[in-house]
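We name chains A, B, ... by the order of the sequence lines, and we start the count at 1 in each one.
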Amino acid sequence: MPELPEVETVRRGLEGPMVGRRLVRVVQNRPDLRWPLPEDFARRLTGRRVERLERRAKFILAHLDDSHVWMIHLGMSGRMHLDGATRPAGKHDHVVVETEDGTVVVYEDHRRFGIMDLFPEGELASHRLLKDLGPEPLSNRFDGAALSARLAGRKTPIKAALLDQKVVAGLGNIYVSEALHLAGISPRRLAASVAGARAERLAPAIREVLQAAIAAGGSSLRDYVQASGELGYFQHQWRVYDRGGEPCRTCGRPIARIVQSGRSTFFCGACQK
DNA sequence: AACAAGACCTGCATGC
DNA sequence: TGCATGCAGGTCTTGT
């Protein structure tokens, strides 16, 4: 499910039910997700109040009243459900949290590429999963100059470079293809050659695509996106992703599908140079 | 240092 | 109601 727009949608959906609320019950149904959960995870989370929900890249960071951070990553298939009080238990419901007013939040992740951690707030900046992340693309510090500086010297295709969270934080396979089409840049182009005017086109294109996707509640491919259970609908606005063989919405020529570093890329050979 | 490929894990669509 | 194959929104680890 989750690239930046989907994670941001989930974060927003959790804010109302969780911020300011105490967690009165925490159930951990298995010892690990992608990695082992921290020692005493459920016990340490129980009784804490959530003060703030932040997003960094594709991570949700719940700031707790004991100056710790509950970190959540949804991996490829993670979902947060708010209807845990009524939905039947699923075999991949790995963590269940109940708030003081009875909302039952379920973390479900059948592929188990997701991550959870619990650590002191003071370790945020040095956390191994956070410390090397590139700029937030929706922050005002992200622009063409910042982008081209991070692409300089890189000999990999721009598609692969944009998937690198050290270059810019939060893009994934869908939105990289989308942003490159909007910017008119070929996914095969050498990353280092995206500088000057091209970088000045690409940075705003990335922002525009992400903002439009957030406004649509993200993209729902095979499952729900929003914590509320509603579907996102940005998939109906995809310019190229998953549209191999279909006509480019700009020029009408068929969208191409290629594989780059093992992952599908979609683009229009006529519109993207 | 930077890069491509492999690894992790389950479920689903497709083709036989 | 089988079985094999390939693919999927991520990112860490391995080998060059």
Side-chain angles (χ1 to χ4, degrees), chain A residues 1-11 29-37 55-60 71-80 90-94 107-117 127-134 149-179 187-193 206 209-210 213-214 216-227 231-245 257-266:
Chain A
M1 163 173 79
E3 300 180 34
L4 186 153
E6 291 75 35
V7 176
E8 177 62 19
T9 299
V10 170
R11 187 197 68 78
N29 287 322
R30 55 174 301 131
D32 58 328
L33 297 172
R34 176 164 186 176
W35 297 302
L37 270 71
R55 181 192 53 73
R56 174 75 171 111
K58 301 169 192 169
F59 294 92
I60 292 171
M71 167 192 269
I72 303 165
H73 193 291
L74 299 171
M76 289 276 261
S77 54
R79 304 189 220 172
M80 298 291 274
K91 67 195 255 202
H92 302 295
D93 293 355
H94 304 314
Y107 176 92
E108 179 195 28
D109 179 12
H110 65 87
R111 289 180 78 180
R112 224 185 312 131
F113 289 165
I115 297 163
M116 281 197 196
D117 199 4
H127 193 286
R128 67 183 188 91
L129 299 174
L130 302 175
K131 64 183 168 63
D132 295 323
L133 290 172
R150 297 203 174 237
L151 295 173
R154 302 200 53 160
K155 303 226 182 328
T156 196
I158 184 66
K159 160 73 191 303
L162 292 177
L163 285 176
D164 183 344
Q165 303 294 295
K166 294 195 275 295
V167 170
V168 52
L171 291 179
N173 210 38
I174 294 175
Y175 297 104
V176 165
S177 279
E178 293 299 297
R188 295 199 258 225
R189 172 174 283 280
L190 201 66
S193 77
I206 289 169
V209 163
L210 295 177
I214 291 170
S219 300
S220 293
L221 242 183
R222 293 162 248 289
D223 42 37
Y224 291 152
V225 158
Q226 309 193 35
L231 293 169
Y233 52 89
F234 192 72
Q235 65 277 14
H236 303 303
Q237 296 175 50
W238 285 341
R239 308 166 67 93
V240 289
Y241 185 79
D242 205 24
R243 296 192 62 239
R257 176 190 180 275
I258 60 174
V259 174
Q260 293 178 292
S261 29
R263 310 196 66 190
S264 293
T265 301
F266 299 88

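Taking 4.0 angstrom as the limit, A:Arg34 places none of its side-chain polar atoms (N or O) nearer than this to OP1 or OP2 of B:dC9. Applying the 4.0 Å criterion to OP1 and OP2 of B:dC9, one finds that A:His110 has every side-chain N and O outside that range. One finds no side-chain N or O of A:Ser77 lying less than 4.0 angstrom from the OP1 or OP2 phosphate oxygen of C:dG10. In this model, the phosphate group of C:dT11 is approached by a side-chain N or O of A:Gln165 to a distance below 4.0 Å at OP1 or OP2. OP1 and OP2 of B:dC3 both lie 4.0 Å or more from every side-chain N or O belonging to A:Lys155. Not one side-chain nitrogen or oxygen of A:Arg111 sits closer than 4.0 Å to the OP1 or OP2 atom of C:dG10. The phosphate of B:dG11 (OP1 or OP2) has a side-chain N or O of A:Lys91 nearer than 4.0 angstrom.
Side-chain N or O atoms of A:Glu3 include one that pairs as donor or acceptor with a backbone N or O of A:Tyr175 at under 3.5 Å. Distance alone, capped at 3.5 Å, places no donor-acceptor pair between the A:Arg154 side chain and the A:Arg150 backbone. Proximity of a side-chain donor or acceptor of A:His110 to a complementary backbone N or O of A:Ser77 within less than 3.5 Å is not detected. Counting only distance, with no hydrogens or angles, the side chain of A:Lys58 and the backbone of A:Leu171 share a donor-acceptor pair below 3.5 Å. Counting only distance, with no hydrogens or angles, the side chain of A:Gln237 and the backbone of A:Phe234 share no donor-acceptor pair below 3.5 Å.
Here C:dT11 presents its P atom at 14 Å from NE2 of A:His127, a figure rounded to the nearest Å. As a whole-Å value, the separation of A:Leu4 CG from C:dG10 C1' is 14 Å. Between A:Asp32 atom CG and C:dC12 atom C1' the separation is 16 Å, expressed in whole Å. Remark: C1' of C:dG10 and CG of A:Leu129 are 12 Å apart, rounded to the nearest angstrom. The distance between atom OH of A:Tyr175 and atom P of C:dG10, rounded to the nearest whole Å, is 10 Å. The distance from atom CG of A:Leu74 to atom P of B:dC8 is 23 Å, rounded to the nearest whole Å. Rounded to a whole Å, the CG atom of A:Leu231 is 18 Å from the P atom of C:dG9. Put simply, CZ on A:Phe266 is 10 Å from C1' on C:dC7, counting in whole angstrom units.
Of the listed nucleotides (B:dA4, C:dG10, B:dT10), C:dG10 has the atom at the smallest distance from the side chain of A:His73. Comparing atom distances between the A:Glu6 side chain and each of B:dC3, C:dG9, B:dT10 picks out C:dG9 as nearest. The side chain of A:Arg112 sits closest to B:dC9 out of C:dT11, B:dC9, C:dG9. Of all nucleotides listed (C:dC12, B:dC3, C:dA8), B:dC3 comes nearest to the side chain of A:Arg154.
Taking the C1' atoms as reference points, B:dC3 lies 23 Å from C:dG9, given to the whole Å. Atom P of B:dC9 sits at a distance of 15 Å from the matching atom of C:dT14, rounded to the whole Å.
Look at A:Phe113 and the base of B:dC9; the rings do not stack under the cut-offs of 5.5 Å between centres and 30° between planes.
Within the nucleic acid shown, A:Gly172 comes within 4.0 Å of sugar-phosphate atoms alone, with no base atom in reach, counting heavy atoms only. Note on A:Leu163: nothing from the nucleic acid sits closer than 4.0 angstrom, heavy atoms only. If you check every strand for non-hydrogen atoms under 4.0 Å, A:Arg263 touches a base.
Relative ring orientation between A:Phe59 and A:His73 is described as perpendicular, the plane-to-plane angle rising above 60° on a 0-90° scale split at 30° and 60°.
The nucleotide C:dT5 finds its pairing partner in B:dA13, both defining distances of the Watson-Crick or G-U wobble pair being shorter than 3.5 Å. Pairing partner, B:dG6: C:dC12, with both Watson-Crick or wobble hydrogen-bond distances short of 3.5 Å.
Nearest heavy-atom pair across A:Met80 and A:Tyr107 is SD-CD1, 3.5 Å.
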